[in-house]
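Have a look at the structure below, then the notes.
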There are 2 protein chains.
Amino acid sequence: MSTAQGARARARTEVAAAIKDEARRQLAAEGAAKLSLRAVARELGMVSSALYRYFPSRDELLTALIIDAYDSLGEAAEAAYAKVSGESPARQWVAVCEAVREWALARPHEYALIYGSPVPGYTAPSTTVPAAARVGLLLIGIVRDAYRDKGVAQWKLPAELQPEARRMAEDLAPDLPPEVVVVLIGAWAQLFGLVNFEVFGQFNRVVEDRGTFFRHAAGQLAHHVGLVYPQSGAKER
Amino acid sequence: MSTAQGARARARTEVAAAIKDEARRQLAAEGAAKLSLRAVARELGMVSSALYRYFPSRDELLTALIIDAYDSLGEAAEAAYAKVSGESPARQWVAVCEAVREWALARPHEYALIYGSPVPGYTAPSTTVPAAARVGLLLIGIVRDAYRDKGVAQWKLPAELQPEARRMAEDLAPDLPPEVVVVLIGAWAQLFGLVNFEVFGQFNRVVEDRGTFFRHAAGQLAHHVGLVYPQSGAKER
DNA sequence: GCACAATCAAGAGCACTGCTCTTGCTTTGG
DNA sequence: CCAAAGCAAGAGCAGTGCTCTTGATTGTGC
């Protein structure tokens, strides 16, 4: 049968998917630290040693979950972008930021897996790099379109930063001026600073209406990278 | 003897300190996840059960380390502030930011303990709150002084954010205008976004000269909260 | 000064973890 | 059709957090 081997392979990927699903369930329920291979196997009605045929170690399972999480976040961000692709760049930017925030708030433990502190002992394998870049590339794309369209506001860079800025621009977006790329990378990191503080509870007893606060902060970031933000307003005094 | 009970108490705090020191050593070496009570006890030449007389659980030990880490970071930030207290507010701001960054880079695992994802299963006990606030209060103080001195630039707030802004200002800094407090809190979170990305490796293969990049980004944050940053330059185009 | 009470270290033990190795059974491909 | 590969299961090892019990040491009120 031509499906013979296919059946094996299919069964294999199905079991692997079931393992990941159950692991994700436990991750959402108890956090990465309490994710137990034995508990996953138990819940799936198999013995723990059988599970090692699908994932060679606990860390490899976690790595698979990390990649999936990056992809899921990337998809959420891209879906949000698709919905507002006709609007102004600043609105696109804010929409993507809000999508990241909402994704993170809905799955704090999965978010912690990718943007919290790196888990157990491991160092992120290079497999995760492409998936991890998706949100960043999306933000770059928004600014690139705006820049191609009618340009963006730019900051002057101090001389000491210019070589590094040129390096970054060459690697990430050769069609954008270094001045823009620098603030873009900064805004990228700062966006996740905002999300981190909210997800990890640092805003408890500090910010109450976190939704509008975040929308405003994301708008400020858009303005900072040079996108014209409606009602952002100039500084006074 | 008057030192009799004192001797007991002193011995107790000494042993507790030794436990924390050894735990910190293992934390720095292997990370929070691999910190083991038994290994700490082993290294200290005692049996694991004896350790439970000093810390009722592993999580309590970690909590103690968290508080110490917050305090250590707070001290580092305040020391950096003290060294530049005569200079401009923007320079003070940047100095404190850089102190935070350097502290974090020197002790990534301790940093992860407080600003990474919350560890194992716990929720941060309220004991940590005062220690956690030190860096934030320091930053607020810098802006407050600048404001009292000659005022700071302010953003206009959208109407929807104004109630929340007033709330935050009332709680955190009644003597500052809500417009300033809002951007201040945002900048606070964004600062740790920058540090997080660097410490946790998100800048690998993206930013090379991270020191000057960070200094510039911190300067931009200072400018954003309204402090006049030397050579920050206005936007073009 | 002494007995009582509190404090402490130590050991044994429980339930759990990640992981390995060996034993058999089923499926697959030549 | 038969050897080879894939797979589940079980036993077992070393390690973990934590509890309970047993003795010894220490500090304090009578």
Side-chain angles (χ1 to χ4, degrees), chain A residues 1-20 22-23 25-27 29-66 113 118-122 125, chain B residues 1-20 22-23 25-27 29-66 113 118-122 125:
Chain A
M1 290 284 191
S2 66
T3 58
Q5 190 191 28
R8 255 243 197 276
R10 195 180 328 139
R12 187 181 168 78
T13 64
E14 267 175 21
V15 174
I19 292 172
K20 283 203 291 184
E22 176 58 29
R25 267 201 56 248
Q26 296 194 12
L27 178 66
E30 299 264 31
K34 297 204 172 174
L35 188 152
S36 147
L37 282 187
R38 291 181 113 111
V40 171
R42 210 177 302 135
E43 207 71 21
L44 260 51
M46 48 171 126
V47 84
S48 72
S49 58
L51 208 143
Y52 282 81
R53 218 159 279 273
Y54 298 89
F55 296 94
S57 76
R58 198 193 102 115
D59 278 6
E60 296 267 358
L61 212 196
L62 271 179
T63 304
L65 293 182
I66 287 176
L113 213 53
V119 232
Y122 92 141
Chain B
M1 290 285 196
S2 65
T3 59
Q5 190 191 25
R8 254 244 198 275
R10 194 179 328 138
R12 185 179 172 79
T13 64
E14 266 175 22
V15 174
I19 292 172
K20 284 203 290 186
E22 177 58 30
R25 268 201 54 248
Q26 297 195 10
L27 178 66
E30 299 264 29
K34 296 203 173 175
L35 187 151
S36 147
L37 282 187
R38 290 179 112 111
V40 170
R42 209 178 302 135
E43 207 70 19
L44 261 52
M46 49 170 128
V47 84
S48 73
S49 58
L51 209 144
Y52 282 82
R53 219 161 277 276
Y54 298 89
F55 296 93
S57 78
R58 199 192 103 114
D59 278 5
E60 296 266 0
L61 212 196
L62 272 179
T63 304
L65 292 182
I66 288 176
L113 212 55
V119 233
Y122 92 142

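Lettering follows sequence order; numbering is per chain, from 1. Computed from a predicted structure; not experimentally measured.
Put simply, A/Arg12 has no side-chain N or O that comes within less than 4.0 Å of OP1 or OP2 on D/dG6. Not one side-chain nitrogen or oxygen of A/Ser36 sits closer than 4.0 Å to the OP1 or OP2 atom of C/dC16. For D/dT16, the OP1/OP2 oxygens have a side-chain nitrogen or oxygen of B/Arg42 closer than 4.0 Å.
Here D/dC18 presents its C1' atom at 16 Å from CZ of B/Phe55, a figure rounded to the nearest Å. Distance, B/Arg38 CZ to C/dG11 C1': 11 Å, rounded to whole Å. Here the C1' atom of nucleotide C/dC16 and the CD atom of A/Glu43 are 16 Å apart, to the nearest Å. If you measure from atom NZ of B/Lys34 to atom C1' of D/dT16, you get 13 Å, rounded to the nearest angstrom. Rounded to a whole Å, the CG atom of B/Leu37 is 19 Å from the P atom of C/dC16. Look at CZ on B/Arg10: it is 14 Å from P on C/dC8, rounded to the nearest Å. To the nearest angstrom, C1' of C/dC16 lies 14 Å from CZ of B/Arg58. Rounded to whole angstrom, the span from the CG atom of A/Leu35 across to the C1' atom of C/dC16 amounts to 15 Å.
Backbone-only contact: B/Tyr54 has heavy atoms under 4.0 Å from sugar-phosphate atoms and none from a base.
For A/Arg38, there are no salt bridge (Lys or Arg N to Asp or Glu O under 4.0 Å) partners at least two apart in sequence or on another chain.
Closest approach of A/Val40 and A/Ala23 over heavy atoms only: CG2-CA, 4.1 Å. Residues B/Ala50 and B/Tyr54 share a closest heavy-atom pair of O-CD1, 3.6 Å.
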- request: Would you please test A/Val15 and A/Arg53 for side chain to side chain contact (heavy atoms under 4.5 Å, CB included) and show each step?
  value: CA-CA 10 Å; A/Val15 174; A/Arg53 218 159 279 273; over 6 Å; no

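Contact check for B/Leu37 versus B/Tyr52: side-chain heavy atoms found under the 4.5 Å cut-off. Residues B/Ile19 and B/Met46 form a side-chain contact, since some pair of their non-hydrogen atoms from C-beta on lies under 4.5 Å apart.
Annotation: proximity of residues 46-53 of chain A to DNA chain D (heavy atom, distance under 4.0 Å) is found for A/Met46, A/Val47, A/Ser49, A/Ala50, A/Arg53, numbered in ascending order.
Considering CG of B/Leu35 and CG of B/Leu27, their distance stands at 6.0 Å, rounded to 0.5 Å.
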